[in-house]
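The model shown is predicted, which means the values in this text are computed figures rather than measured ones. So that the names make sense, note that chain A is the first sequence line, chain B the second, and so on, each numbered from 1.
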Protein chains: 2
Amino acid sequence: MDVEVVSILMPARPDDLPFDLRSLEIFLAVCEAGGMAAAARRVGLTQPAVSTAVAELEARLGAGLFDRTVRPLALTPAGALLRQRASALISEARQIAPGLREVARGRLPLVRLGLVDSLSRALAAPLAGHLAARADQVSILSGLTSAHAGALVTRNLDLMIGVDDLGDVAGLERWPIATETYLLALPRGTHVGTVADLAALARELTFVRFSARSSTGVEIERHLRRLGLELPRGLEFDTPYGVAATVAAGGHFAVTTPLCVLEAACDVAGVSFAPTPGPRLTRRLTLVALARVLGRLPQDVAEFARARLAAEALPAIEAASPALAGAIEIG
Amino acid sequence: MDVEVVSILMPARPDDLPFDLRSLEIFLAVCEAGGMAAAARRVGLTQPAVSTAVAELEARLGAGLFDRTVRPLALTPAGALLRQRASALISEARQIAPGLREVARGRLPLVRLGLVDSLSRALAAPLAGHLAARADQVSILSGLTSAHAGALVTRNLDLMIGVDDLGDVAGLERWPIATETYLLALPRGTHVGTVADLAALARELTFVRFSARSSTGVEIERHLRRLGLELPRGLEFDTPYGVAATVAAGGHFAVTTPLCVLEAACDVAGVSFAPTPGPRLTRRLTLVALARVLGRLPQDVAEFARARLAAEALPAIEAASPALAGAIEIG
DNA sequence: TCATACTATAAATTCTTTTTATATTGAGCG
DNA sequence: CGCTCAATATAAAAAGAATTTATAGTATGA
């Protein structure tokens with residue numbers, strides 16, 4: 001009868017974990033000490049306590065861990081495997097508390113920011129300074145947004161600024177940085193009004209691509225396909241500099257954005273910028289961070305980035321080409 | 001006075017872990033349920049039990065986890081960080097027991113074997129069959145030993161057969177597979193007796209290298225330097241096939257081994273093999289595995305590999321060139 | 001301001017872990 | 001083989017945690 005009652009009262013608690021960190025510590029002590037009596041001394045318990053703890057662990061796991069028919073105690077295959085796994089688990093567990101205490105004090109031990117290539121020149125140095133005041137150690141990585149997105153969700157990155165807001169991942173917070181319209185970059189004097197003009201242009205000039213590894217490149221490609229344009233595969237680059245420098249050299253055209261041009265920091269006197277024919281294509285730069293872990297920091301960083309872009313990048317873009325400046329909006 | 005006694009009795013037990021898995025589970029339930037009362041229902045406890053467990057956790061961690069001045073309960077930065085870490089830790093913990101039970105039954109859920117490129121042709125398929133009988137899932141990866149060595153110590157690989165026995169890593173078991181002598185591979189008719197001959201030859205034929213990414217390439221390079229030979233950088237390959245095929249095509253020479261030639265599976269009728277001038281250089285192929293985890297499997301696999309090489313590879317090498325066959329020894 | 005739902009605290013209870021005491025087992029040795 | 005020594009297993013008692021009931025305090029929203 002009692003059994004019945006119990007099974008009715010506790011159906012919702014499978015208690016799936018068959019061990020505790022403490023029991024794993026004891027198990028590891030036995031492995032290292034080479035015996036239960038020695039392990040008991042090491043962890044400050046008596047020998048029977050260790051003996052029962054190990055027996056309990058074996059029962060719960062449903063697997064023998066030691067071969068007792070031989071002395072000194074030998075590990076079974078399952079025991080050897082548990083030794084590997086348990087020591088990894090415990091060393092991870094040990095790393096949790098220290099970081100937590102620092103975060104609680106408002107002190108961030110390490111902040112890692114992933115910055116999309118096209119903002120690297122405009123923001124890498126200022127952000128480094130801004131973050132250095134708030135964390136003991138700062139690491140800023142420039143690269144492709146796709147790589148950063150992966151790093152963020154696997155917790156190898158704390159913050160990222162890029163062109164993907166990871167809308168499908170929960171537990172993230174997002175802050176807008178800027179919105180840009182894609183523009184045609186053409187040799188000065190060229191006029192493109194329609195899709196047909198563009199197709200004609202492609203027969204005279206080589207189209208320069210952003211690589212399909214970058215989300216910018218993928219966006220542009222998709223847009224061109226929507227326009228019904230099949231441009232020949234020619235040059236392609238991973239970084240904004242390659243694209244801009246090639247166009248600036250003449251004989252090429254590309255689709256790019258104001259910040260990509262700024263990032264390249266090359267002379268664009270011979271280049272004019274014009275809207276793409278057909279519908280406008282825009283990209284949105286967003287700061288993404290793990291929700292709440294960093295307190296107000298993501299919001300602060302986003303504000304700082306916007307202010308910095310407004311104060312430094314916009315004038316520089318305006319100076320390079322008014323048409324460019326009209327295609328970017330902060331926020 | 002009591003305090004004094006306690007501090008004398010328990011100095012050896014720092015009890016460094018400020019939590020156990022159960023308290024983390026409760027904490028996560030509170031995060032997910034959005035409150036302690038709701039979490040209590042979910043995990044099958046009463047509300048005060050959850051309340052005290054959380055309070056205890058906060059005390060031990062030395063950091064507040066929830067902001068109680070607001071309802072519904074909000075996570076502090078430290079709480080948000082712990083939520084991330086704790087859920088990772090617990091999901092790892094959950095993965096431990098199932099694999100362990102299978103290992104205890106003598107059933108291996110998954111065996112991952114890294115095979116050095118030069119044994120790929122000779123052993124990949126037979127080993128796959130041999131392992132399939134002993135594991136539910138088998139994964140065989142061919143590549144460079146250096147990559148496999150890294151994967152083995154980070155437990156992304158269970159076994160490897162390669163040219164590095166990882167002598168400096170503890171907790172591994174090693175079984176010999178074969179020993180090979182490096183030979184010169186030259187166009188038929190060429191005679192090389194001394195180091196000077198070799199230097200002269202290098203002025204007529206191009207030397208083909210194994211890439212420095214492979215340990216074979218590094219070994220060969222070191223040996224040539226010891227001989228005082230400075231061969232020009234020309235062609236280099238990651239895989240044995242590239243080297244052997246280039247030499248077989250004529251106009252090139254290389255330093256290689258019997259198994260590398262067999263691996264390439266190309267016609268070597270026009271190639272002769274000769275000892276390198278100066279001291280012999282050998283490489284030892286070894287099977288390396290995490291000690292004891294896999295029971296007798298590593299030993300079995302090593303025996304099988306040796307038998308297979310003796311029965312299949314040796315005759316094939318002998319057929320290709322008797323000089324090659326003399327440069328390999330099983331075991 | 002009140003009602004409600006939630007959280008914190010206290011004391012009692014139950015359950016687990018640990019200890020003391022004792023029995024059992026394997027290893028080494030004459 | 002049988003003895004001894006050292007280690008492990010088991011049983012019952014004690015200590016210590018975790019959990020529960022009961023109750024008090026507090027934020028939220030009508």
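Atom CG of B:Leu45 and atom C1' of D:dA17 are 14 Å apart (whole Å). Atom CG in A:Asp20 sits roughly 12 Å away from atom C1' in D:dA18 (whole-Å rounding). Nucleotide D:dT8 holds its C1' atom 12 Å from the CD atom of A:Glu58, rounded to whole Å. A straight line from CE of A:Met36 to P of D:dA6 spans 19 Å, rounded to a whole angstrom. Rounded to whole Å, atom P of D:dA9 lies 14 Å from atom CD of A:Glu56. The distance between atom CG of B:Leu57 and atom P of C:dA8, rounded to the nearest whole Å, is 13 Å. Going from atom CZ of A:Arg42 over to atom C1' of D:dA7 covers 17 Å, rounded to whole Å. Distance A:Asp67 CG to D:dA7 P: 18 Å, rounded to the nearest Å.
At least one side-chain heavy atom of B:Pro298 sits under 4.5 Å from a side-chain heavy atom of B:Leu159. Counting only heavy atoms from C-beta outward, the side chains of B:Phe27 and B:Arg83 approach each other to under 4.5 Å. Counting heavy atoms from C-beta on, the side chains of A:Phe66 and A:Val54 come closer than 4.5 Å.
The residue among A:Ala49 and A:Thr69 whose nearest nucleotide of DNA chain C is located toward the 5' end is A:Ala49. Where A:Thr46 and B:Ala37 meet DNA chain C, the nucleotide closest to each residue was compared, and B:Ala37 sits on the side nearer the 5' end.
Nearest nucleotide to the B:Thr52 side chain, out of C:dT19, D:dT19, C:dA8: D:dT19. Checking C:dA8, D:dT8, C:dT19 against the side-chain heavy atoms of A:Leu73 singles out D:dT8 as nearest. The listed nucleotides are C:dT7, D:dT19, D:dA9; the one nearest the side chain of A:Ser51 is D:dA9. Across C:dT18, D:dT8, C:dA8, the shortest atom-to-atom separation from the side chain of B:Pro48 is found for C:dA8.
Below the 3.5 angstrom threshold, one finds no donor paired with an acceptor across the side chain of A:Gln47 and the base of D:dA7.
In terms of phosphate contacts, B:Arg22 brings a side-chain nitrogen or oxygen within less than 4.0 Å of OP1 or OP2 of D:dT19. A close approach under 4.0 Å does occur between a side-chain nitrogen or oxygen of B:Arg68 and OP1 or OP2 of C:dA8.
Using a 3.5 Å distance cut-off with no hydrogens or angles, the side chains of A:Asp20 and A:Ser23 do not pair a donor with an acceptor.
Under a cut-off of 6.0 angstrom, the local environment of CZ in A:Arg284 is sparse, with at most 12 non-hydrogen atoms contributed by other residues, nucleotides or ligands.
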